[in-house]
Amino acid sequence: MSQTFRINEAQKKHLLDSLKKGVRFDGRKLDQHREVSIEYSISKSAEGSARVRIGETEVIAGVKLSIDKPYADSPDEGSLMVDAQLLPLSSPEFELGPPSIEAIELARVVDRGIREAKAIDTKKLCVKEGEKVWIVSIDICTINNAGNLFDASALAAIAALKDARFPEYDGVSIDYKKHSDKKLPLTKIPVAVTVFKAGSTLFIDPSLYEEQVIDARLTVTMMQNGELCALQKGEAKPLSIEEINQMIDLGISKAKELTKHIQK
Amino acid sequence: MTATKTHTLKRADLKKSSTEGLIPMTYDKRMDGRKRFEEMRPISAKVGIIPRAHGSAMFQIGKTIAYAAVYGPRELHPKFMQNPKTGILRCNYSMMPFSGSGERVRPGSNRRAKEISMVTENALAPVLDLTEFPNAVVDVFIELPQTDAGSRCAGICAASMALADAGIPMKGLVAAVSAGRVDDKIVIDLDYNEEAYEHGPVADIPIAMLQHTNEISLLQMDGEISKEQLKQALETAKKSMAQIFEVQTAALKEKYNVKAR
């Protein structure tokens with residue numbers, strides 16, 4: 001029965017000293033994720049869905065497909081929308097109400113990773129140019145926040161996209177009860193790894209304790225070919241160019257590991 | 001959501017057919033293959049699914065899945081809502097955007113969710129005694145990742161287990177199920193297809209029952225039904241809820257390693 005993980009100044013100092021020595025309270029290495037697992041098709045109501053667990057952190061993502069008019073500047077392309085909800089069910093710190101800045105940032109970082117990787121071939125989502133295109137909506141819902149929602153959410157989103165199947169569409173309306181075998185036109189698999197800096201130490205996949213001593217973070221989103229497609233520096237402290245280079249190297253090597261968890 | 005017009009029309013057809021014996025337009029077999037009209041869909045329950053919550057549970061009935069998390073007793077904000085005599089219960093029912101049977105549902109609250117949150121609170125409050133926790137709130141968050149009708153009932157079943165898991169003083173559990181009629185049959189635990197049945201009248205009645213008194217703490221209905229049918233539906237639902245109490249109790253015992261008698 002653990003709820004709040006607030007730590008005091010003395011504990012923070014102890015935690016920072018330990019991190020400096022490369023020691024983590026749960027015995028992990030600085031560059032080691034907790035156990036990662038992905039479960040597919042966890043919501044039959046969605047066109048695609050996935051549950052990602054990183055240690056005790058649990059996030060689910062669902063994909064809904066709908067037909068709408070294309071944007072005027074891209075009449076032959078479908079579109080993508082990512083939203084994230086930090087559910088009050090998943091943490092005592094999350095509250096009901098309009099999306100917090102944390103939820104908005106989370107959704108936008110995941111969105112950018114998928115959008116900029118051109119993970120979905122949006123031209124193939126065109127049904128009739130200028131009139132009808134498929135809209136892909138990804139919703140991320142947190143179930144248990146035990147730290148590192150960025151990596152878990154990005155992984156859940158891409159896994160849900162992999163799981164998605166088109167519903168039947170007769171040109172007039174969608175029959176959400178019937179799904180074809182047709183998958184989404186995915187061309188790239190973006191995977192995000194967030195590297196954190198506390199004091200002078202760089203590490204990944206923070207616990208709730210570790211999240212309280214963080215100075216800065218950098219979310220590195222990589223495609224399976226090793227190229228980067230999105231970055232996001234977070235928190236208030238600045239980073240040196242040298243640190244950024246190290247963080248990117250670490251992010252890329254860990255993203256390669258995470259990619260292996262995604263079903264072929 | 002069924003059009004009443006169609007119902008009255010078909011009802012007239014049915015009358016004619018039963019006297020003349022022309023079209024056997026009765027609901028004689030459940031669409032999802034259940035053998036009996038008073039049979040619920042398969043149920044599973046698990047307690048302690050969300051480590052950060054004080055208490056949590058999952059309740060699944062057919063394709064409807066509800067998660068519930070309990071936080072509290074904790075200080076109630078805004079302060080003017082605090083009651084110095086007792087703690088209060090606050091429930092929030094919410095469907096995940098991809099959990100509906102059709103299009104994406106916009107996240108956040110809406111009129112339907114607000115009403116369900118309120119009736120859920122009323123369904124659960126009678127088993128709680130929060131006088132030990134003046135000025136405090138017990139928050140219950142219900143989330144549905146997938147639904148196939150009966151979501152408010154599944155939410156209440158999950159919430160009741162989550163409250164017990166959180167160690168909130170309770171007089172007993174609360175179980176809930178929907179009863180109703182599809183055409184001339186009294187049915188338990190309607191799914192979407194049954195709610196949308198078009199060849200005869202449908203009534204959907206979500207019911208919650210308190211374990212310690214067998215009193216009803218949630219009762220809603222939409223559709224058309226006779227007084228006799230309603231009485232029969234309530235009695236049938238009572239037996240189903242007795243089965244749900246067993247599932248809930250077993251799930252709680254499993255988490256706390258209590259051997260079943």
Side-chain angles (χ1 to χ4, degrees), chain A residues 1-5 41-49 51 53 55-58 60-68 81 83-85 87-99 103 107 135-147 160 164 167 173-177 208, chain B residues 48-58 60 62-72 74-75 77 90-109 113-114 117 139-148 151 155 158-159 162 165-167 192-193 196:
Chain A
M1 262 228 247
S2 46
Q3 304 92 38
T4 49
F5 285 78
S41 298
I42 52 102
S43 171
K44 307 281 181 282
S45 319
E47 274 67 77
S49 58
R51 180 197 313 277
R53 285 196 176 94
E56 278 196 345
T57 288
E58 181 179 335
I60 67 182
V63 171
K64 286 302 289 179
L65 296 175
S66 56
I67 292 276
D68 212 333
M81 191 225 72
D83 197 10
Q85 289 187 77
L87 297 179
L89 160 125
S90 65
S91 163
E93 279 97 41
F94 298 158
E95 288 175 2
L96 288 173
I135 312 289
V136 181
S137 304
I138 307 174
D139 278 283
I140 294 158
C141 296
T142 58
I143 302 298
N144 191 66
N145 176 24
S173 61
I174 299 172
D175 187 350
Y176 283 105
K177 281 184 187 149
L208 289 170
Chain B
I49 56 158
I50 299 166
R52 288 216 68 191
H54 288 99
S56 59
M58 181 282 294
Q60 174 163 15
K63 286 191 200 133
T64 299
I65 302 176
Y67 297 150
V70 171
Y71 289 90
R74 60 184 177 183
E75 201 178 322
H77 296 286
R90 191 164 57 180
C91 296
N92 188 73
Y93 163 101
S94 155
M95 279 175 67
M96 291 184 187
F98 45 83
S99 69
S101 56
E103 280 179 16
R104 174 178 186 263
V105 191
R106 283 171 64 114
S109 201
K114 278 189 177 151
S117 300
D139 272 312
V140 177
F141 299 107
I142 297 165
E143 289 285 341
L144 296 121
Q146 79 179 38
T147 63
D148 182 10
S151 67
D165 183 37
Y192 274 137
N193 285 332

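Below, each value reflects all heavy atoms present in this structure, side chains not excepted, and no hydrogens, waters or symmetry copies. Just so it is clear: chains get the letters A, B, ... in the order the sequence lines come, proteins before strands, and each one is counted from 1. Because the structure is predicted, anything quoted here is derived from the model rather than measured.
- For the options A:N145, A:L89, A:I138, heavy-atom pairs under 4.5 Å to chain B are most numerous at A:L89.
- For the set B:K63, B:R74, B:E103, the count of heavy-atom pairs under 4.5 angstrom toward chain A peaks at B:E103.
- Across every non-hydrogen atom of A:K64 and B:G100, the tightest pair is NZ-O, 4.3 Å.
- Every residue two or more places apart in sequence or in another chain that forms a side chain to side chain contact (heavy atoms under 4.5 Å, CB included) with B:S101 is listed here: B:Y192.
- In this structure A:K44 satisfies the side chain to side chain contact (heavy atoms under 4.5 Å, CB included) test together with B:Q146, sequence neighbours excluded.
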Worked verdict on B:F141 versus A:S90 for side chain to side chain contact (heavy atoms under 4.5 Å, CB included): CA-CA 9 Å; B:F141 299 107; A:S90 65; over 6 Å; no
Full working for salt bridge (Lys or Arg N to Asp or Glu O under 4.0 Å) between B:D148 and A:K177: CA-CA 11 Å; B:D148 182 10; A:K177 281 184 187 149; over 6 Å; no
Chi angles and distances behind the side-chain hydrogen bond (donor to acceptor under 3.5 Å, both in side chains) call for B:R52, A:S91: CA-CA 6 Å; B:R52 288 216 68 191; A:S91 163; 3.3 Å; yes
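- B:N92 CG to A:L96 CG: the interatomic distance, rounded to the nearest 0.5 Å, is 4.5 Å.
- Side-chain N or O atoms of A:S43 include one that pairs as donor or acceptor with a backbone N or O of B:P145 at under 3.5 Å.
- Shown here for B:P51 and A:E56, the closest heavy-atom pair between the two residues is CB-OE1, 3.4 Å.
- Among all heavy-atom pairs drawn from A:I143 and B:I50, the shortest one is O-CG2, 3.4 Å.
- Among the candidates A:I135, A:L65, A:D83, the single residue satisfying the side chain to side chain contact (heavy atoms under 4.5 Å, CB included) test with B:R104 is A:D83.
- Nearest approach of A:S45 to B:S99, heavy atoms of both residues: OG-O, 3.1 Å.
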Full working for side chain to side chain contact (heavy atoms under 4.5 Å, CB included) between B:Y67 and A:L87: CA-CA 12 Å; B:Y67 297 150; A:L87 297 179; over 6 Å; no
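- Here A:P88 is the residue among A:C141, A:P99, A:P88 with the most heavy-atom pairs under 4.5 Å with chain B.
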